[in-house]
Amino acid sequence: MENFTSVKIFILVGFSNAPHWQILFFVILLCIYIATVLGNLIIIVLIYVDSSLCTPMYFFLRNLSFLEICYTSVTIPKMLANILALEKTISFHACAIQMYFFLFFGATECCLLACMAYDRYTAICNPLCYPVIMRKKVCIQLAAVSWVCGGLVALGHTTFIFTLPFCDSNVINHFFCEIQPMLKLVCGDTYWNEIQVIAAAAFLILIPFMLILLSYFHIITTILRMKSAKNRQKAFSTCSSHLIVVSLFYSTAIFMYIRPKSSYSLNVDKFLSLFYSIVTPILNPIIYSLRNKDVKGALKKVVLKLVASK
Ligand SMILES: *[C@@H]1O[C@H](CO)[C@@H](O)[C@H](O)[C@H]1NC(C)=O
């Protein structure tokens, strides 16, 4: 207990084992951050202004874009500041807050992606009842439930981690306060803690994932039974963007969280976690705008209007 209370500040190692690359990292990271925020903002604005994007699918996409902006804002600004700072520290409380929000937005994304799969399932497998099932009110409720679930799960996880005794060291070999590098600092035998963390993560990640798989199983069997090739193509194109985003997000999340601590190789993990904390949020607007005719059309309309008004 004595040692535990003595940890008031953590050191985030980040990329400081490659000192010559700091400026390059900084510039790349800053560009990625700006592109992520801008790309997702453009999607949000397009969905607000274009009346043809006023469907449940785009309501969820707008919410997802908003979520991605929040999600990257938890980690990247602090990473940028840390690259420039001489002392790469973060206080105990700031670390807890960062972990809370990172898990909050991550868990919400898990649930929101499941809601989007449910939306596609209803649209494709039950098209006649779709307008009734996916009413505006239901969409708002589904999104709200995702946010509340994310918040509660993150609260439980963060409280659990930050009441463990930290005594080995205060050096976090990572660029933000993530679960696995924090668990490495917990003193004593952490076997049961690990089991609990993995079980909670599995519960959180695998339940939405199963729901998504189930939805897509039904979607694909329905698409295969369609007689006209044109309908088949159309149905598939509305869910392919979502399917790509889901595969990227869940494959990294499952790989990162659902395995024992002994198999962590922190340097490899650090590199991989760049993927789900930085790369997927920027891919989301790219995937949705490049693969989606409606979004591309709306973007064209807005650009033409802007040009015409000049
Ligand atoms: C996302 O969904 C929540 C809950 O329904 C809602 O309060 C919020 O305004 C939505 N955000 C956007 C940007 O659509």
Side-chain angles (χ1 to χ4, degrees), residues 32-77 100-123 130-156 204-205 207-209 211-212 215 238-239 241-242 244-246 248-250 253 276-278 280-292 294-299 301-302:
I32 292 181
Y33 183 58
I34 293 173
T36 307
V37 172
L38 268 183
N40 282 299
L41 260 184
I42 289 176
I43 292 216
I44 294 176
V45 171
L46 276 183
I47 294 175
Y48 262 116
V49 299
D50 197 300
S51 52
S52 69
L53 301 183
C54 188
T55 65
M57 181 168 125
Y58 293 107
F59 168 79
F60 287 119
L61 178 60
R62 190 177 71 197
N63 226 290
L64 186 70
S65 285
F66 174 67
L67 180 67
E68 301 282 23
I69 294 177
C70 302
Y71 184 69
T72 44
S73 300
V74 175
T75 52
I76 301 188
Y100 173 76
F101 280 105
F102 187 73
L103 293 176
F104 174 21
F105 298 132
T108 305
E109 182 155 351
C110 280
C111 302
L112 209 52
L113 287 174
C115 292
M116 294 172 88
Y118 178 66
D119 166 67
R120 289 298 82 210
Y121 161 75
T122 322
Y130 181 60
V132 181
I133 297 177
M134 281 292 173
R135 290 186 305 273
K136 181 105 198 150
K137 198 172 139 211
V138 175
C139 292
I140 293 175
Q141 281 168 348
L142 280 174
V145 167
S146 303
W147 285 85
V148 171
C149 277
L152 291 179
V153 164
L155 190 64
L204 169 72
I205 297 174
I207 288 183
F209 188 57
L211 290 177
I212 292 174
S215 302
T238 63
C239 53
S241 310
H242 178 252
I244 297 174
V245 172
V246 163
L248 281 172
F249 184 77
Y250 275 96
Y276 63 86
S277 59
I278 294 169
T280 38
I282 192 177
L283 284 181
N284 177 37
I286 297 176
I287 292 170
Y288 270 97
S289 46
L290 289 187
R291 294 193 55 85
N292 192 303
D294 297 334
V295 175
K296 264 196 280 193
L299 189 61
K301 256 193 274 172
V302 169

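Both counts, for ligands and for their atoms, begin at 1 and track the order of listing. Note that the structure is a prediction, hence the values are computed from the model and not measured.
Within the 4.0 Å cut-off (strictly below), a protein heavy atom is located near atom 11 (N) of ligand 1. At a distance under 4.0 Å, a protein heavy atom can be found next to atom 2 (O) of ligand 1.
Against a heavy-atom cut-off of under 4.0 Å, A144 is close to the following atoms of ligand 1: 4 (C), 5 (O).
Nearest protein heavy-atom contact of atom 5 (O) of ligand 1 is I140 O, 3.0 Å. Ranking the protein heavy atoms by distance from atom 14 (O) of ligand 1 puts R62 NE, 3.0 Å first. Among all protein heavy atoms, the one lying closest to atom 13 (C) of ligand 1 is F66 CB, 3.7 Å. Closest to atom 8 (C) of ligand 1, if we only count protein heavy atoms, is N63 ND2, 4.0 Å.
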From CA spacing to verdict: side chain to side chain contact (heavy atoms under 4.5 Å, CB included), E68, T72: CA-CA 6 Å; E68 301 282 23; T72 44; 5.8 Å; no
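Ring geometry for F105 against W147 counts as perpendicular: the plane angle is over 60°, on a 0 to 90° scale with 30° as the lower cut.
Note that OH of Y71 is 3.5 Å distant from CZ of F102, once rounded to the nearest 0.5 Å.
When the shell of 6.0 Å around CZ of F66 is examined, it contains 12 or fewer heavy atoms from other residues, nucleotides or ligands.
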Exercise answer: donor-acceptor pairs, residues 52-61 side-chain atoms, under 3.5 Å, sequence neighbours excluded:
from: S52; atom 1: OG; to: D50; atom 2: OD1; distance (Å): 2.6
from: Y58; atom 1: OH; to: N292; atom 2: OD1; distance (Å): 3.0
from: Y58; atom 1: OH; to: N292; atom 2: ND2; distance (Å): 3.1
from: Y58; atom 1: OH; to: D294; atom 2: OD2; distance (Å): 3.3

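The backbone N or O of C115 sits nowhere less than 3.5 Å from a side-chain atom of D119 that would complete a donor-acceptor pair.
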